[in-house]
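Working notes for the structure below.
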Amino acid sequence: MRHTLLFSALASFPLSGLASAAETPKTFEREVQPFLAKNCLGCHSAKLKTADLNLAVPDGPASVTADSEMWRKVSARLHAGTMPPKGLPRPNQTDVDAVTNWIDSELVAVENAAKPDPGRVTARRLNRSEYNNTIRDLLAVKFRPADDFPQDDSGYGFDNIGDVLSLSPVLMEKYLRAAEKVVHTALYGAEKLKPTVVRYQPPYRDYPLSATPLTDYDLSGVSM
């Protein structure tokens with residue numbers, strides 16, 4: 001019973017990828033290498049190396065992985081029919097198709113196995129709205145320091161693209177000044193209001209003056 005289940009699992013396993021990987025060296029030795037020896041090595045050997053191209057490679061798949069750019073050029077020349085050059089015997093088109101198919105399939109395998117390059121990521125700054133929202137969420141203060149910042153640059157209709165947002169010396173000074181205000185507000189609260197003068201008038205016009213000084217007054221001193 002156990003052997004039956006094992007054979008069933010192996011029968012359902014896709015072996016096409018394994019077969020193609022095992023067939024690749026055989027295809028190179030049986031079709032590609034004889035084609036190169038007959039049509040290409042007269043100019044592109046290790047000795048001549050015309051156009052800095054050496055196709056005398058004993059291991060085809062490994063050479064594609066090592067120098068895929070060279071094999072892309074070879075495939076492009078074979079597809080365009082520019083190699084072998086004019087004046088030399090033309091190879092059979094069936095052989096050309098077999099070689100180009102092998103090269104193209106190997107190039108695809110190399111690209112699939114390569115690690116993807118995500119490219120360059122720009123370290124961007126926060127725009128004014130993002131800066132205000134970040135200060136609010138992190139410190140829980142009702143303070144919008146970025147309202148005093150210069151207008152954000154925009155590109156493609158957006159003002160949050162890292163490649164567009166610049167950092168000028170004026171904006172850097174604004175950042176430093178805003179940081180001090182933010183820290184002070186988070187630690188000590190909002191800034192105190194500026195002193196104001198308020199005049200209070202008695203409800204009546206005449207105010208009798210006391211002949212004797214007032215000795216009993218409240219702690220606020222208002223009764224004096």
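The figures that follow rest on heavy atoms only: side chains count, while hydrogens, waters and symmetry mates do not.
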| field | Whether Thr185 side chain and Lys181 backbone form a donor-acceptor pair below 3.5 Å | value | yes
| remark: CG of Asn101 to CD of Glu31, rounded to nearest 0.5 Å, is 9.5 Å
| Can you tell me how far the CH2 atom of Trp102 sits from the CZ atom of Phe35, to the nearest 0.5 Å? | 12.5 Å
| Leu107 and Met83: same hydrophobic cluster, using ILVMFWY side-chain contacts below 4.5 Å? | no
| Can you tell me how far the CG atom of Leu53 sits from the SG atom of Cys43, to the nearest 0.5 Å? | 10.0 Å
| Short question: side chain of His44, backbone of Thr50 - any donor-acceptor pair under 3.5 Å? | yes
| message | Check whether Ser168 reaches the backbone of Leu171 with its side chain - one donor and one acceptor, N or O, closer than 3.5 Å. | response | yes
| request: Please answer whether the main-chain N or O of Asn127 pairs with a side-chain N or O of Glu130 as donor and acceptor at a distance below 3.5 Å. | output: yes
| request: Write down the atom of Met70, the atom of Asn54, and the distance for their closest heavy-atom approach. | output: SD-O, 3.9 Å
| said: I need the Arg128 CZ to Asn133 CG distance, nearest 0.5 Å. | reply: 12.5 Å
| query | When you look at Arg125 and Asp152, which way does the side-chain contact (heavy atoms from CB on, under 4.5 Å) test go after all the steps? | reply | CA-CA 11 Å; Arg125 65 171 179 84; Asp152 293 317; 3.2 Å; yes
| Among all residues two or more places apart in sequence or in another chain, which pass the side-chain hydrogen bond (donor to acceptor under 3.5 Å, both in side chains) test with Lys38? | none
| Test item: Asn92 side-chain N/O and Asp95 main-chain N/O as donor-acceptor pair under 3.5 Å | no
| field | Shared hydrophobic cluster, Val99 / Val110 (ILVMFWY, side-chain heavy atoms < 4.5 Å) | value | yes
| message | With clusters defined by side-chain heavy atoms of hydrophobic residues (ILVMFWY) lying less than 4.5 Å apart, directly or transitively, does Ile161 cluster with Phe149? | response | no
| said: Would you compute the distance between atom CZ of Arg77 and atom OG1 of Thr82 and round it to the nearest 0.5 angstrom? | reply: 5.0 Å
| said: Which residues pass the ring pair (Phe, Tyr, Trp, His ring centres under 6.0 Å) test with Tyr188, not counting sequence neighbours? | reply: His184
| said: With a 4.5 Å cut-off on side-chain heavy-atom distances among I, L, V, M, F, W and Y, is there a chain of contacts connecting Leu139 to Val183? | reply: no
| field | Salt bridge Asp67-Lys73, side-chain N to carboxylate O under 4.0 Å | value | no
| So, Arg124 side chain and Asp163 main chain: donor-acceptor pair closer than 3.5 Å or not? | no
| request: Output the distance between atom CZ (Arg144) and atom OG (Ser129), rounded to the nearest 0.5 Å. | output: 7.0 Å
| Going only through I, L, V, M, F, W and Y residues with side-chain contacts under 4.5 Å, is there a path from Leu126 to Leu167? | yes
| Got a sec, which residues hit side-chain hydrogen bond (donor to acceptor under 3.5 Å, both in side chains) with Glu173, two or more places apart in sequence or on another chain? | none
| message | Using every non-hydrogen atom in the two residues, find where Asn39 and Pro89 come nearest and quote the distance to one decimal. | response | OD1-O, 4.5 Å
| Does a side-chain heavy-atom distance below 4.5 Å link Val74 with Ile103? | yes
| said: Ignoring hydrogens, what is the shortest heavy-atom contact between Val164 and Gly155? Give both atom names and the distance. | reply: CG1-N, 3.9 Å
| task | Give a yes or no answer on whether the side chain of Ser45 reaches the backbone of Gly42 with a donor-acceptor pair at less than 3.5 Å. | result | no
| Is the number of heavy atoms from other residues, nucleotides or ligands under 6.0 Å of Arg72 CZ greater than 12? | yes
| request: Determine the minimum heavy-atom distance between Glu29 and Pro34, stating which atoms define it. | output: O-CD, 3.3 Å
| Minimal non-hydrogen separation, Val96 against Leu78, with atom names | CG1-O, 4.0 Å
| Closest contact, heavy atoms only, Val141 versus Ala186 | CG1-CA, 4.0 Å
| request: Give a yes or no on whether the backbone of Ala146 and the side-chain of Asn132 come within a donor-acceptor separation of less than 3.5 Å. | output: yes
